[in-house]
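Below: the structure, in structure tokens.
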Amino acid sequence: MPTVLITGAASGIGRDTARLFAGAGWQCVLVDNNEQALYLSGQGLPSPASGVHVLRTIDLTDPRQIASLCEGTPELDAVINNAGMSDTSNTPLAAQGQAQLDRLLALNLAAPAAVVDACTHLLKAGARIVNVASGAGLHAIPWRGAYSPSKAGLIAQTLALAKARPDWCVTVLAPGFVRTELVDGLIQAGRLRPERAVAKIPLGRMAVPEEMARALYFLASTGAQPLSGQVLAVNGGSSVYGGSQPFAPATLQPRPFDMPLHLEVCGGEAAPWKAVAQAPAEGAHYAACLDLSPLHCESTCLLEAVHAAAARFAARCAEQASLTLMLPFEKAGRWQDAGDAAAARMLVSTLACEWGPRALRINALEVPREVDPAALHPLLRFVCGSAAQYLTGQTIACRGAVPQESP
Ligand code: NAI
């Protein structure tokens, strides 16, 4: 029975994440400083096959309390550092005292490292560490105190941990807007206007907590290995959008997040990818296309290959489907050709913005040309499928993907 420790499990993303793991048979160690809400969150969970879920009331801004985590915690397959806070005080940064900055930085930046330190000896070989940062760590959001700096720090810290511990799978999730208590608090405090936020999201909606829970569930699985050392930005395309025309609110409701996936493979030999998903095309399913053609084209023709693949897909799929492209992970030989791969990546992002209102998603995976397909099956199942309906416009580098061994 796998075991996961989840911080901030009493509310929002953490609560839904706990529900998903427990429902899948994991034993959960749930950590929060809100004792009553933590109890309620733990109460509704299905029991693990053996033992019980462990609830720990801990203030994660206090290093001594974090150090006590090692007592009574079982061995762990995964740790999810999810607890975090925003700053709703509306106090300009320059007018804030060190104490106000310190509390937020203690929770958002210092606590994830201290939790890993406290649990290091409990982590099984090949453990997964997932930190929950934010899109705010990639782009500055003013009037929220040190929120953006704390999340930028957490992203850098996670990438450094991935380098320091190549024996673990270390990733960072950067969610966009998710309708949780934290966001409701910002709305109530007048710090966030939901209609303005949605106008900058190509998919035209905020995520629901379960969408982040599904992303965390994938990142905490062994199948996330190709992503070690990477940021996964799940934000409806908001991080890639640079236009000025507002997006209209979405008219399409997301499809169920556990919908069977029907994957069509084109642009290369399909057989090695067939095991990704086999749902029949008849009956309710989420339609997806995996296009391998950019992986097999000349490294100077990537833009052309991405455009052709997108045109083929758009001619077949009208709405609520995904296109995933494989791009080769290599540097151009001549400087004159160095723009092609970057142009292809930006084409993926631009298409995501144009397609967002129809909930048509497009993402690319950057992989070594000789990649072992089996190593990517779980990742593709997630990226192509209905669980990742808030993921679009991203080129995801699979640096941890192991090249296929030559016979
Ligand atoms: P939330 O406010 O609904 O839940 C946060 C949880 O952390 C709560 O259960 C709270 O009691 C707990 N917590 C707060 N201070 C604590 C402390 N000192 N010690 C222990 N636990 C503490 O927040 P939400 O929205 O679920 O966010 C979860 C994570 O996702 C946070 O790190 C947040 O920064 C991040 N995030 C959220 C986004 C959103 O739109 N909701 C967007 C981007 C990132």
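Small disclaimer: the values here were computed from a predicted structure and weren't measured. These numbers come from the heavy atoms of this one structure, side chains and all, not from hydrogens, waters or symmetry mates. All ligand and atom numbering here is 1-based and tracks the order in the structure.
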Can you list the ligand 1 atoms lying under 4.0 Å from a non-hydrogen atom of [X]?
X    : result
F177 : 40 (O)
E181 : 3 (O)
V132 : 29 (C), 30 (O), 32 (O), 35 (C)
L107 : 14 (C), 15 (N), 16 (C), 17 (C), 18 (N)
N82  : 28 (C), 29 (C), 30 (O), 31 (C), 32 (O)
A10  : 9 (O)
G12  : 3 (O), 26 (O)
V183 : 39 (C), 40 (O), 41 (N)

Beyond-backbone contact of [X] with [Y], side-chain heavy atoms, under 4.5 angstrom:
X    : Y    : answer
T120 : R165 : yes
L123 : W168 : yes
I187 : P194 : yes
V371 : C398 : no
M212 : V132 : no
S86  : R191 : no

Nearest protein heavy atom to [atom], by residue and atom, and its distance?
atom                    : value
atom 18 (N) of ligand 1 : D59 OD1, 2.9 Å
atom 4 (O) of ligand 1  : S11 OG, 3.5 Å
atom 2 (O) of ligand 1  : L182 CB, 3.4 Å
atom 8 (C) of ligand 1  : D32 OD2, 3.5 Å
atom 33 (C) of ligand 1 : Y147 OH, 3.6 Å
atom 24 (P) of ligand 1 : T180 OG1, 3.6 Å
atom 7 (O) of ligand 1  : G8 CA, 3.5 Å

When rounded to the nearest 0.5 Å, the distance separating NZ of K151 from CD1 of I141 is 11.0 Å
dist S47:OG -> Q27:CD (nearest 0.5 Å) comes out at 10.5 Å
Does ligand 1 come near enough to [X] that some N or O of the ligand is less than 3.5 Å from an N or O of the residue?
X    : value
I13  : yes
S134 : no
V178 : yes
N34  : no

I'd like to know if [X] contacts ligand 1, where contact means a heavy-atom distance under 4.0 Å to any ligand atom.
X    : value
A133 : yes
K151 : yes
G176 : yes
V31  : no

From the list L30, I80, L69, side-chain contact (heavy atoms from CB on, under 4.5 Å) partner of L5 resolves to L69
From the list L107, I66, N33, side-chain contact (heavy atoms from CB on, under 4.5 Å) partner of T61 resolves to L107
Does a side-chain N-to-carboxylate-O contact under 4.0 Å join R15 and E181? yes
Specify the closest pair of heavy atoms between [X] and [Y], including all atoms of both residues, with the distance to one decimal.
X    : Y    : value
G145 : P149 : O-CD, 4.2 Å
A374 : P378 : O-CD, 3.8 Å
T3   : E75  : CB-O, 3.4 Å

Worksheet item: Should the pair F218 and F382 be assigned to parallel (<30°), tilted (30 to 60°) or perpendicular (>60°) ring geometry?
Response: parallel
Closest to atom 5 (C) of ligand 1 by heavy-atom distance, out of S41, G84, A111, is G84
If you compare T7, L192, N33, L154 by their heavy atoms, the one closest to atom 22 (C) of ligand 1 turns out to be N33
Is a donor from one side chain sitting under 3.5 angstrom from an acceptor on the other, for E35 and Y39?
no
Quick look: N108 vs ligand 1, heavy-atom contacts under 4.0 Å, and the answer is neither
With heavy atoms and a 4.0 Å threshold, my read on which part of L60 contacts ligand 1 is both
